[in-house]
Amino acid sequence: ARLACKAAIDLSSYVTGPLLFFVAGCDIFCLVKGRMQDVLILSMILIGILLFVVFAAVIEEIVERIKKTVVEAMYSKPNL
């Protein structure tokens with residue numbers, strides 16, 4: 001399961017990276033052209049993508065900590 005999660009995050013980085021650059025470029029273009037409504041919309045999209053990436057990293061960290069706790073519990077000696 002961890003391998004599948006790691007692969008999904010790695011694959012998504014190949015999609016989100018160029019997408020971030022594209023949206024940021026469009027945002028700058030609209031800013032130069034003075035299209036403030038488009039700048040606002042594109043900025044919200046950019047923030048949404050960044051929040052998605054951060055949320056995915058937080059979820060991966062939580063899953064890793066849970067896995068570590070479970071493995072430690074499995075291999076610890078019972079206190080009798």
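- Here E72 pairs with nothing under the salt bridge (Lys or Arg N to Asp or Glu O under 4.0 Å) rule; sequence neighbours left out.
- Taking each heavy atom of L42 and C30 in turn, the nearest pair found is CD1-SG, 3.9 Å.
- Under a 4.5 Å side-chain heavy-atom cut-off, the cluster of Ile, Leu, Val, Met, Phe, Trp and Tyr residues that includes V15 has no other member.
- The distance from the OG1 atom of T16 to the CZ atom of F21 is 10.5 Å, given to the nearest 0.5 Å.
- One hydrophobic cluster holds both I66 and M74 under the rule that ILVMFWY side chains link at heavy-atom gaps under 4.5 Å.
- Listed by chain and number, the residues in a side chain to side chain donor-acceptor pair (under 3.5 Å) with Q37 amount to none (sequence neighbours excluded).
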Starting from the C-alpha separation in whole Å, work towards a yes-or-no answer on salt bridge (Lys or Arg N to Asp or Glu O under 4.0 Å) for K68 and E64. CA-CA 6 Å; K68 184 178 177 183; E64 186 66 30; over 6 Å; no

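- Residue F29 is found outside any hydrophobic cluster, as its side-chain heavy atoms come under 4.5 Å of no other Ile, Leu, Val, Met, Phe, Trp or Tyr.
- Residue pairs satisfying the salt bridge (Lys or Arg N to Asp or Glu O under 4.0 Å) criterion with at least one member in residues 36-51, sequence neighbours excluded, are listed as follows: R35-D38.
- The hydrophobic clustering, which links ILVMFWY residues whose side-chain heavy atoms are closer than 4.5 Å, places F22 and V39 apart.
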N/O donor-acceptor pairs under 3.5 Å from side chains in residues 44-56, not counting sequence neighbours:
none

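- Sorted by first and then second residue, the salt bridge (Lys or Arg N to Asp or Glu O under 4.0 Å) pairs with a member in residues 12-21 form an empty list; sequence neighbours excluded.
- Within the structure, every pair that satisfies the side-chain hydrogen bond (donor to acceptor under 3.5 Å, both in side chains) test and touches residues 17-28, not counting sequence neighbours, is listed here: D27-S43.
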